[in-house]
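Note sheet for the following structure.
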Amino acid sequence: MSLNSLAAIPPYVFYELDARRQRHRAAGKSLIDVGIGSPDGPIPDVVIEAMQRVAADRALSGYPQFRAHPAYMAAVSGYLDTRFGVTIDPATELHALAGSKEGIAELILSHTNPGDVVLVPEVYYPVYARATLLAGAVPVFVPFLPDGRLDLEAVAPADLAKARVLIVNYPGNPTTSTITLDEFARLVSFAEQQALLLISDLAYSELSFDGYRVPSVLQVPGASRVAVEMHTCSKSFNMAGVRIAFVAGKRAAIAQLDAYRSNIGYGVSTIAQLAGAAAFTHHEAIVPPIVAEYRARRDAMVQAFQAGGWDVHAPAATMYLWLPVPAGCDDWGWVDALMEGPGVVVTPGIAFGEAGRGRFRVSLVQPADVLTTAAAAITSIAAALSAS
Ligand SMILES: Cc1ncc(COP(=O)(O)O)c(C=O)c1O
């Protein structure tokens, strides 16, 4: 990374959103914040107890292992096996991470040279493109097909020739698009043919509804020849502040990441790893109430939008609604109208790339009644703007 690559990166839209939110708060405005996707639910008790135990254990106060604590390795392996039927060798096919965001950045930084291409979905979680730019590499945006799959045929041959990495994110933030195992198989064979590292970002692995179960790319036979998958405790277990995640899959990619990480830091906090171990060990008990809460919120908000005349469908996964900005408004104009009027904070679609323009994201991080109020306020502002 050079200072030039840092200077070339446009300002982070979430920073700008935060600045606007702070200005309104400082002026005494009360806000309903459904902008950032930070879970508002409590850390599970079993996780809190684990953290307390670790914090008090003198034997655990030294530097953590570089790759992962043995208890974290065991818990993650058990989770991948019971949840997906996937078997890994945790000593070589797993790395603990202090959140999947920085893990994705580290993978990109450790797998690209300046001028290489990283294939990124056209609407994307910002770190995919930003870490690519920090590496001096070039993000090339892959359009979506109408069904939410990536239109890989649309990538220009010249870009494909320089591509080293393909990142995919299903269930998608902010798109809420889901994926089948067959589609993962198509992505694996594309990555194999093109000699790409396939990074599957599975941040919303457990947040799915109505019978849809999120598959893992590692379920595809032979996937670990080309793919790694990012998992995080942030969303599934209400643990965004704990900063614990992992990457599993292609051995050589994980060795490369380990080499990169060990030059700039130590292993992930032991408290965080053993908190994560507790969460993954007890995932079958922890997840259902969290999913039930998001489902109730999703249904309440979708109904409120429909009651306001909006054509909104309930997504099968994630903790978001991805909605069109009313005709005649631009992204920031709409975000400002909502903040200044009813005091609802939403995320503009351009936070997720140029192709996100014209949409906005609502995070289901407030109780159902608050979301209902927010949806009613949004639909009435939209009606007032279209009448004016
Ligand atoms: C798609 C996606 N990937 C990764 C992350 C980052 O998660 P973590 O808290 O593990 O860094 C998020 C957070 O919103 C996300 O939406």
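Both counts, for ligands and for their atoms, begin at 1 and track the order of listing.
Cation-pi contact between R359 and W334: absent, since separation from the ring centre below 6.0 Å together with deviation from the ring axis within 45° is not met.
You'll find the ring centres of F237 and F280 inside the 6.0 Å limit. The aromatic ring centroids of F352 and Y124 lie 6.0 Å or more from each other.
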N/O pairs closer than 3.5 Å, ligand 1 and protein:
unit_1: ligand 1; atom_1: 3 (N); unit_2: D201; atom_2: OD1; d: 3.3
unit_1: ligand 1; atom_1: 3 (N); unit_2: D201; atom_2: OD2; d: 2.6
unit_1: ligand 1; atom_1: 7 (O); unit_2: S100; atom_2: OG; d: 3.2
unit_1: ligand 1; atom_1: 9 (O); unit_2: S234; atom_2: OG; d: 2.6
unit_1: ligand 1; atom_1: 9 (O); unit_2: R243; atom_2: NH1; d: 2.8
unit_1: ligand 1; atom_1: 10 (O); unit_2: S100; atom_2: N; d: 2.7
unit_1: ligand 1; atom_1: 10 (O); unit_2: S100; atom_2: OG; d: 2.8
unit_1: ligand 1; atom_1: 10 (O); unit_2: T232; atom_2: OG1; d: 2.7
unit_1: ligand 1; atom_1: 10 (O); unit_2: S234; atom_2: OG; d: 3.4
unit_1: ligand 1; atom_1: 11 (O); unit_2: S100; atom_2: N; d: 3.1
unit_1: ligand 1; atom_1: 11 (O); unit_2: K101; atom_2: N; d: 2.9
unit_1: ligand 1; atom_1: 11 (O); unit_2: R243; atom_2: NH2; d: 2.8
unit_1: ligand 1; atom_1: 14 (O); unit_2: Y204; atom_2: OH; d: 3.4
unit_1: ligand 1; atom_1: 14 (O); unit_2: K235; atom_2: NZ; d: 2.8
unit_1: ligand 1; atom_1: 16 (O); unit_2: N173; atom_2: ND2; d: 2.6
unit_1: ligand 1; atom_1: 16 (O); unit_2: Y204; atom_2: OH; d: 2.6

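Between W310 and I378 the shortest side-chain heavy-atom distance falls below 4.5 Å. For the pair R261/Y266, no side-chain contact is recorded, criterion being any heavy-atom separation below 4.5 Å from C-beta on.
Side-chain contact check for R251 and T92: at least one donor-acceptor pair (N or O, by modelled atom type) lies under 3.5 Å.
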